[in-house]
Each structure stands twice: as C-alpha cells, then as structure tokens.
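To start, the structure under review is shown below, and the notes come after it.
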Amino acid sequence: MKIITIIGARPQIIKAAAISRAIRNHFSSKIQEIIVHTGQHYDENMSAIFFEELQIPKPDYNLNVGSGNHGAQTAKMLEGIEEIILKEKPNAVLVYGDTNSTVAGGLAASKLLVPLIHIEAGLRSFNKSMPEEINRIACDHMSTLLFSPTKQGVENLQKEGFKLTNQKPFTIDNPRVYHCGDIMFDNSLYFSELASTKSILSELNLTGTFILSTIHRNNNTDIPERLTAIFEALIEISTVNKIPVVLPLHPRTKKMMETNLSPDLQKNIASSQYLKIIPPVSFLDVIALEKKASFVVTDSGGVQKEAFFFEKPCIILRPETEWTEIVENGNAILCDADKDRILNAYQVLSKKPDLTYPPLFGDGKAAEFICSEILEHLG
Ligand code: UD1
Ligand code: UDP
C-alpha cells in the first residue's frame, strides 16, 4: 500500500522518525511511504538537522511554503498537498499532531475522499484560542483511523461522539479510535542511548545541575507582559539558586524578544551569568540535556512529555495542557506565564516530593502497532 505522510513543523519531523523506522524494519515490502514536507519550518536547525541524525528518509516533495499568516500559509499547503495526492493516488494520508501542516493535510485528503490517519488524536486543551486546538479538532473529525497516545485522548473523542464499538470497514463516517501509546515515547527510548554519545554538556560547560527551558507558544512570545514574566522568573530562579538555565531558543521567540522585552530586561538577559541562550539544537542534543537536567521549564507539548519520560519535574508555562496525566500525577505544575506561580512551583518541586513515573505512554512499540493497523484496515 502507499501512504503519504505530511510533515512540516519540527515536532512532526521528529515524530516521523518512529513511523519511518517501523516501516523500514517491519513493513518495507508492504508499505510504501511518500514523505511530503510542507516547508513550514525551514531553518537548518528546525528541519534539515533532524533527517540524518534520526534516519528519516529525505522528503519526496518539499512545498517550501515558509512562514506567513495562518490562512495564507495553510492555503499554500492545501494546494500543494492536493496536487501531490492527485498525482500519487495513495491509499491513505497520514498526519501528526496539530499544526497548520496537519490541518492542511487533513483537508486535502478528506476533500479527495482519501482516508486520513491522525497520529496524536484526541488531545484537547479546551482552549479554542490556540490555533492548535482548532487544527486538532478538525483533523480528528476528518479522520478514518485515529491513534490516541493516551486514555484521556480516547475519552475526549468519546465525548465528541466517536464510538469505540464501530466495526470494519472503517470510513470517515465510521472511524476507528485506538489507544496505542505515544510514538514520542518510542523515539525517546530508541534514541536515548545514542544521545549519551553527544558532547553538548561539555560544550556548554555543564558540570553540575541545570535547568532546561524552551519557550515558543504564540501566546507567550507575542504578549509582552507574559514574555517578560517568564524571563524575569528564569533570571530570578537561576540567580538566587546559582543554577544555569539552558534555553535553546525557537526562532519565533528570538524575534519576539527583540520587540516585546524592555531594553533593560534584554540587557539583564544578555549579561546574566546563568542564562545560557543557544540556537535550537538537534533531538539527540535535547535528549542529552533532558537526561541530565534537574528541572524542565517549558511551554512545549513535546518537551513537557519528554521531561516525564526522563523522570524530571516540569514547570509548564501554560494555563492548561493536553497531557493532563503528568499534572494529575504530580510530575508537572501548570504555572501559566505567572512569575509568582513559576517561583512557587520551583520551590515545591525542589523539595523533591516523592514523584513516580508510571507507564502512561505505552510500551515503546506504538509505531509498529500503528503500521500494522493501517495495513490491515486501509491496505
Ligand atoms: C508551529 C506550530 C505549533 C508547534 C510549533 C513547533 C502552528 C499553528 N503552530 O508554531 O503548534 O508547537 O510549530 O515548533 O502550526 N521561523 C523561522 N524559521 C523557521 C520556522 C519559523 O524563523 O524555520 C519563525 C518565523 O518568523 C515564523 C515564526 O517562527 O513566522 C513562527 O513559525 P510558525 O511555523 O508559523 O509557528 P510556530 O510558532 O513555529
Ligand atoms: N526539540 C529539539 N530541539 C530544540 C528544542 C526542542 O529537537 O532545540 C524537540 C523536542 O525534544 C521535542 C520537539 O522538538 O521532541 C518539540 O517541538 P516544539 O517544542 O517545537 O513543539 P511542540 O511539541 O510544542 O508542538
């Protein structure tokens, strides 16, 4: 069978490694994967860096859409993906997560009546002012096979009318919902050992404890008060506790810091002896950092989960999360972009509460399961 996989933003490129690896190792004679990169992310360290390191096949197509307003960006992707589907005539289209590339792939496939496979189905923030929430709801409702990484995801879908009792043949009107575990858990396990060979810790002179932080959500970067509160909190925690904070900076944040932070705060950040702001790093480098960090402070969906995979407490710079299990289990605290809440959460988690890390995200074999179900029902 032939599937078209749509990728575009950094986390999807990384996710694609798990499915491509499963196809290569177990299904190469049965599944042909055509990879379409929309070009949503395009800097070397947001895209190209991942392909070789994670053994992801080179994209068969790159639409090179680049950045832009959401409507224009999504429209360009839609047009390009539609043309490719018409030419390649796949049995199915596969999309990951909740970005504009995801929804463009979903729309293109469903309008051409090609079955859609959604990996990371069912996640909800219940906050429709997030562009991702609209994208993921739309994609779930355009899909034929929905693979949810968590039990909560399946429950969310049931509340929206999806039935677990549907029988094959599965279609967009009679979809199949799976609870299958998280392909990013597969990836984190698979790449963990390789990450130990990386030299980023010594390159950054990290000999003791440190905090890993990432910031990129639009409602943190684009609202000056929120971005200011986050940076003030990071400076205070690092200075008071004399602990370095490593911050691989997303290009969006780099750009918005220049306009949304006061000149004084920008000066404090530049002169801080503890804040190590670096360009985005490779996935193996992030894992190397996550494994050795004592804390993670992030607004990233992927990074908050990887903190859990590598058993690190996490401060989430958002008012809510789709990964509710890690908050309910006490491993992460939602702090929004509120300086006092961030400082307080740091105190609480520093006291080393008795945290456990139960197997909430599967057995590391989600990708193989997904491929075998795709083959069985859409092949
Ligand atoms: C996108 C996703 C978000 C995901 C994130 C992962 C949407 C709506 N958002 O957000 O869900 O969590 O990717 O990182 O799809 N830029 C560069 N170089 C690049 C890419 C982006 O400079 O290679 C800059 C551009 O100024 C661009 C801005 O970053 O305008 C935002 O990029 P965009 O892809 O629109 O959204 P993200 O914030 O990256
Ligand atoms: N990541 C990376 N390099 C970095 C920062 C993050 O490879 O400098 C990885 C991270 O390990 C995770 C993924 O990118 O697997 C998360 O992407 P991002 O935070 O951009 O998006 P989100 O998960 O919030 O959609």
Side-chain angles (χ1 to χ4, degrees), residues 6-18 37-51 53-54 64-74 76-77 95-105 120 123 125 129-136 138-139 182-188 191-192 195 198 200 212-222 246-259 277-291 293 296 298-310 316-318 321-323:
I6 309 294
I7 56 175
R10 169 169 70 185
Q12 297 163 333
I13 301 170
I14 300 171
K15 282 165 200 165
H37 191 328
T38 62
Q40 177 170 352
H41 286 174
Y42 43 85
D43 289 349
E44 153 78 24
N45 56 21
M46 294 294 285
S47 171
I49 196 176
F50 300 107
F51 286 89
E53 184 183 70
L54 307 183
N64 290 310
V65 300
S67 306
N69 289 336
H70 286 223
Q73 187 188 50
T74 311
K76 281 186 208 156
M77 294 174 187
V95 293
Y96 297 101
D98 52 24
T99 71
N100 289 346
S101 299
T102 316
V103 80
E120 271 196 10
L123 300 178
S125 63
S129 67
M130 281 181 84
E132 294 85 358
E133 184 75 349
I134 305 285
N135 292 345
R136 49 172 96 98
C139 266
D182 192 334
I183 56 168
M184 281 309 293
F185 185 51
D186 298 13
N187 268 341
S188 295
F191 290 114
S192 170
K198 300 286 285 187
I200 185 154
L212 172 67
S213 182
T214 75
I215 307 160
H216 78 278
R217 289 275 149 222
N218 61 340
N219 79 327
N220 282 337
T221 59
D222 298 6
V246 179
L247 178 53
L249 202 60
H250 191 287
R252 166 183 215 114
T253 318
K254 183 169 193 263
K255 194 167 87 179
M256 300 316 286
M257 281 170 75
E258 285 159 20
T259 46
I277 298 189
I278 57 175
V281 295
S282 78
F283 184 59
L284 292 185
D285 282 340
V286 183
I287 296 187
L289 292 166
E290 287 166 345
K291 284 170 76 171
V296 173
T298 189
D299 60 10
S300 158
V303 176
Q304 62 184 267
K305 235 175 340 133
E306 288 158 16
F308 181 90
F309 299 159
F310 294 110
I316 301 176
L317 303 169
R318 288 183 47 196
T321 178
E322 303 77 33
W323 306 100

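Atoms within each ligand, like the ligands themselves, are counted from 1 in listed order. These figures come from a predicted structure and were not determined experimentally.
With a heavy-atom cut-off of 4.0 Å, R217 touches ligand 2 through its side chain alone. Here S300 has no heavy atoms under 4.0 Å from ligand 1, in either its backbone or its side chain. Contacts between E132 and ligand 1 below 4.0 angstrom, taking non-hydrogen atoms only, involve the side chain exclusively. Contacts of R252 with ligand 1, taken as heavy-atom pairs under 4.0 Å, involve both backbone and side chain. With a heavy-atom cut-off of 4.0 Å, V286 touches ligand 2 through its side chain alone. At a heavy-atom distance under 4.0 Å, only side-chain atoms of P248, from C-beta outward, approach ligand 2.
Counting the atoms of ligand 2 from 1 in the order shown, those under 4.0 Å from a heavy atom of M184 are 15 (O). Interface of P280 with ligand 2, defined as ligand atoms under 4.0 Å from a residue heavy atom, comprises 8 (O). Less than 4.0 angstrom separates some heavy atom of S67 from each of these atoms of ligand 1: 25 (C), 27 (C), 30 (O). Residue F283 approaches ligand 2 through these ligand atoms, each under 4.0 Å from one of its heavy atoms: 7 (O), 11 (O), 15 (O). Taking every non-hydrogen atom of I14 and a distance limit under 4.0 Å, the qualifying atoms of ligand 2 come out as 7 (O), 9 (C), 13 (C), 14 (O), 15 (O). Here is the list of ligand 1 atoms found below 4.0 Å of a heavy atom in R217: 11 (O), 12 (O). Ligand 2 places these atoms under 4.0 Å from at least one heavy atom of S282: 7 (O). Residue-ligand proximity, M46 to ligand 1, at heavy-atom distances under 4.0 Å covers atoms 23 (O).
The protein heavy atom nearest to atom 10 (C) of ligand 2 is E306 OE1, 3.5 Å. Annotation: atom 16 (C) of ligand 2 to nearest protein heavy atom, S300 OG, 3.8 Å. Nearest protein heavy-atom neighbour of atom 35 (O) of ligand 1: Q73 NE2, 4.0 Å. The protein heavy atom nearest to atom 12 (O) of ligand 1 is H216 NE2, 2.9 Å. For atom 39 (O) of ligand 1, the nearest non-hydrogen atom of the protein is H41 NE2, 2.8 Å. Looking only at heavy atoms of the protein, atom 7 (C) of ligand 1 is closest to Q40 NE2, 3.6 Å. For atom 7 (O) of ligand 2, the closest non-hydrogen atom of the protein is F50 CE2, 3.3 Å. When hydrogens are left out, the protein atom nearest atom 6 (C) of ligand 1 is P11 CD, 3.5 Å; that is the closest non-hydrogen contact. Ranking protein heavy atoms by distance to atom 22 (O) of ligand 1, first place goes to P251 CB, 3.3 Å. Looking from atom 17 (C) of ligand 1 to the surrounding protein, the closest heavy atom is Y42 OH, 3.2 Å. Looking only at heavy atoms of the protein, atom 3 (N) of ligand 2 is closest to V281 O, 2.7 Å. Protein heavy atom nearest atom 18 (N) of ligand 1, with residue, atom name and distance: D43 OD2, 3.0 Å. Looking at atom 4 (C) of ligand 2, its nearest protein heavy atom turns out to be R10 NH1, 3.2 Å.
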Full working for ring pair (Phe, Tyr, Trp, His ring centres under 6.0 Å) between F309 and F185: CA-CA 7 Å; F309 299 159; F185 185 51; 5.0 Å; yes

Could you give me the CA-CA distance, side-chain angles and deciding distance for T298 and I215, then say whether side-chain contact (heavy atoms from CB on, under 4.5 Å) is met? CA-CA 6 Å; T298 189; I215 307 160; over 6 Å; no

Give the C-alpha distance, both sets of side-chain angles, the deciding distance and a yes or no for side-chain contact (heavy atoms from CB on, under 4.5 Å) between V296 and Q304. CA-CA 7 Å; V296 173; Q304 62 184 267; over 6 Å; no

Carefully, step by step, assess K198 and S282 under the rule side-chain contact (heavy atoms from CB on, under 4.5 Å). CA-CA 10 Å; K198 300 286 285 187; S282 78; 3.9 Å; yes

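Judged purely by distance below 3.5 Å, without hydrogens or angles, the side chains of S125 and E133 pair a donor atom with an acceptor atom. Using modelled atom types and a 3.5 Å distance limit, the side chains of S67 and Y42 yield a donor-acceptor pair. In this structure, a donor-acceptor pair under 3.5 Å is present between the side chains of H37 and S47. A donor-acceptor pair shorter than 3.5 Å cannot be found between the side chains of S188 and E306.
Residues Q73 and G66 come closest through the heavy atom pair NE2-O, 3.1 Å. In terms of heavy atoms, H41 sits closest to A9 at ND1-CA, 3.4 Å. Across every non-hydrogen atom of Y96 and I6, the tightest pair is CD1-O, 3.9 Å. Closest heavy-atom contact between I287 and S192: CG2-CA, 4.2 Å. The minimum heavy-atom distance between M77 and A104, with the atom names listed, is CB-CB, 3.5 Å. Of all heavy-atom pairs between A288 and A195, the closest is CB-O, 3.7 Å.
Results of the side-chain hydrogen bond (donor to acceptor under 3.5 Å, both in side chains) test with N135 over T74, N100, D98, T99 single out N100 as the only residue that passes.
Ligand 1 has no nitrogen or oxygen under 3.5 angstrom from a nitrogen or oxygen of T99. Where the criterion is an N or O separation shorter than 3.5 Å, residue side chain and backbone included, H250 meets it with respect to ligand 1. Taking only nitrogen or oxygen atoms, main chain and side chain alike, K255 reaches within less than 3.5 Å of ligand 1. Distances between N or O atoms of N100 and those of ligand 1 include at least one value under 3.5 Å.
The pair E132-R217 meets the salt-bridge criterion, with a side-chain N (NZ, NE, NH1 or NH2) lying under 4.0 Å from an Asp/Glu carboxylate O. A salt bridge between D222 and R252 is present, with a side-chain N of the basic residue lying under 4.0 Å from a carboxylate O of the acidic one. Look at R136 and E322 and you find a salt bridge, because one of the NZ, NE, NH1 or NH2 atoms lies within 4.0 Å of a carboxylate O, short of that distance. A salt bridge does not link D299 to R318: none of the charged side-chain nitrogens sits closer than 4.0 Å to a carboxylate oxygen.
Not a single heavy atom of K254 sits closer than 4.0 Å to an atom of ligand 1.
Across the listed options G302, S188, P11, P11 owns the non-hydrogen atom lying nearest to atom 25 (O) of ligand 2.
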